[in-house]
Amino acid sequence: MKILSSDQIRKWDEYTIANEPIASIDLMERAAKACTDWMVNFNVYSAPVKIFCGKGNNGGDGLAIARLLVENDFKVDVYILEFGTLGTDDFQANLKKLHGYPVEIHFLQHMDFFPIIGNNELVIDALFGTGINRIIEGLSAQLVKHINQSKAQVISIDLPSGLYADKSTSGNVIINALHTLTFQIIKLSFLFPEHESYIGKISILDIGLLPDYLETITSPLRLLDDQLINEIYRPRKKFSHKGTFGHALIIAGEKGKMGAAVLCTKACLRAGVGLVSSMVPADQSFILQTTVPESMTISQEEIDFIDLSKYDTIAIGPGIGIEKEGARLLQEVLMHYNVPAVLDADALNILSANQELYKEIPPGSILTPHPKEFERLFGKCNSHIKKIQVARQQAKKLFVYILLKGHNSVLACPDGKVYFNTTGNPGMATGGSGDVLTGVITGLLAQGYTSKDAALLGLFVHGLAGDLAAKNLSEEALIARDIINYLGKSFLHIRNMGTEIR
């Protein structure tokens with residue numbers, strides 16, 4: 001699914017109005033009904049409702065919701081921010097309709113008119129939505145603060161007021177919503193971690209915008225969804241053999257950090273690679289031979305005598321350390337390997353301390369930094385959107401794929417496109433989870449998936465395995481080994497999903 005800008009979303013409304021065709025006020029009614037149906041199910045005890053409206057179309061949604069809630073026997077009060085000007089045509093039309101209903105309508109011209117909000121009440125935020133393009137100030141800011149100070153449950157319509165749809169809203173006064181009911185498609189700003197406390201739980205409501213519109217526009221931003229994964233995933237052919245699925249080399253581990261090598265190697269095998277060799281310190285190889293008997297081991301001390309080109313891909317970094325030996329291993333790979341590789345963990349930390357090596361990274365390689373590693377590599381960013389911009393710039397400059405790990409992990413591609421993952425959960429924020437991801441991506445890359453497809457499929461599979469594990473074990477109890485153990489079920493889900501789509 002494409003991620004749209006606020007301007008593109010507005011034009012989607014216009015496209016639907018022109019081509020369905022449908023009057024704009026009827027489309028507003030459709031949106032209001034979707035919200036009301038959700039609220040009726042949510043507010044089963046019919047708590048008193050206070051609806052706060054601006055005079056734009058978001059406020060028009062609020063007025064229509066008020067009318068429909070009254071028809072469902074809710075007690076509703078409406079509060080309209082008043083600045084002495086008329087609202088939009090659809091706002092005014094809905095205001096006129098509402099006058100015929102048993103609803104108290106209040107106009108807020110000063111802080112003294114702000115109502116007391118009871119703890120047991122439901123507050124609907126229909127102040128600004130996606131229409132805002134500047135920082136909230138004055139009476140509007142005071143009203144948002146007043147709502148936030150209450151202990152009522154707050155539901156925002158389309159977007160918490162004060163939050164921008166497609167950029168960071170640092171420094172703005174923003175509604176703290178318990179739930180956000182957004183229309184048709186997720187908004188870009190919902191994917192930024194700094195906005196988590198504002199948006200609460202998100203429900204995407206289908207209001208019947210015409211899907212044909214999406215074929216008329218382009219966007220460099222996309223959600224990694226089932227449809228895209230089905231396009232990427234390649235089921236195995238009957239006459240395959242282990243040579244069909246590639247040979248990966250994993251350079252990982254040092255004394256005290258061999259767990260990283262074990263996790264990465266196991267995950268690589270579970271991702272379907274034909275053969276995997278693990279390059280570890282000679283005196284630590286027994287750990288791999290006993291814990292992962294399906295892999296072969298090579299001594300790190302022998303790297304100078306090995307033809308690296310015989311491997312379909314190489315992963316380097318998990319647990320190798322940042323001292324002299326780790327740096328030597330990375331330099332050998334960068335100097336003698338020209339096929340896309342996976343660089344993670346300590347390999348990235350070594351790179352950040354030796355930036356002259358950036359130009360030696362094999363084209364098409366995949367870099368998998370967590371936020372702190374990204375900061376060391378490319379500098380500190382004051383917002384998530386800035387990180388994404390920098391990742392896009394560096395991916396183009398270095399011709400690499402940069403996978404910024406975290407909730408809704410981001411893949412920035414050399415062609416400027418950016419993908420947001422939709423699988424995964426907070427339980428995966430545990431030691432070794434990144435090593436597992438590196439192993440999965442490496443296994444897919446060795447099998448002949450392109451760098452982009454290996455990174456995208458790897459992200460999705462890894463997150464889905466974490467979701468399946470958390471469902472059975474809880475997020476709190478989840479550890480990295482559990483993700484590996486659920487990779488098989490993750491692949492089964494994708495295979496079955498593909499059958500359903502086809």
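Since we're looking at a predicted model, the values are computed, not measured.
- At least one side-chain heavy atom of Lys257 sits less than 4.5 Å from a side-chain heavy atom of Asp346.
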Using the side-chain hydrogen bond (donor to acceptor under 3.5 Å, both in side chains) rule, take Tyr213 and Lys11 through it: C-alpha gap first, then chi angles, then the decisive distance, then the call. CA-CA 9 Å; Tyr213 170 77; Lys11 289 179 179 177; over 6 Å; no
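- Of the charged side-chain nitrogens involved, at least one lies within less than 4.0 Å of a carboxylate oxygen, so that Lys405 and Asp344 count as a salt-bridged pair.
- Counting heavy atoms of neighbouring residues, nucleotides and ligands inside a 6.0 Å radius, atom CD of Glu196 does not exceed 12 of them.
- Within 6.0 Å of NZ on Lys2 lie more than 12 heavy atoms contributed by other residues, nucleotides or ligands.
- Salt bridge present: Arg10 and Asp7 bring a charged side-chain N and a carboxylate O closer than 4.0 Å.
- Scanning all heavy atoms of the two residues, the minimum distance from Ser161 to Gly129 falls at OG-N, 4.0 Å.
- In His247, the NE2 atom is crowded: over 12 heavy atoms of neighbouring residues, nucleotides or ligands sit closer than 6.0 Å.
- Checked for salt-bridge contact, Lys471 and Asp467 miss the test: no charged N lies under 4.0 Å from a carboxylate O.
- Arg30 CZ: more than 12 foreign heavy atoms inside a 6.0 Å radius.
- Remark: of the listed residues Leu249, Leu343, Ile251, Ile361, Ile251 is the sole one forming a side-chain contact (heavy atoms from CB on, under 4.5 Å) with Val333.
- Defined by atom type and a distance below 3.5 Å, a donor-acceptor pair is present between the side-chain atoms of Ser278 and Thr265.
- Rounded to the nearest 0.5 angstrom, Ile186 CD1 and Ile204 CD1 are separated by 5.0 Å.
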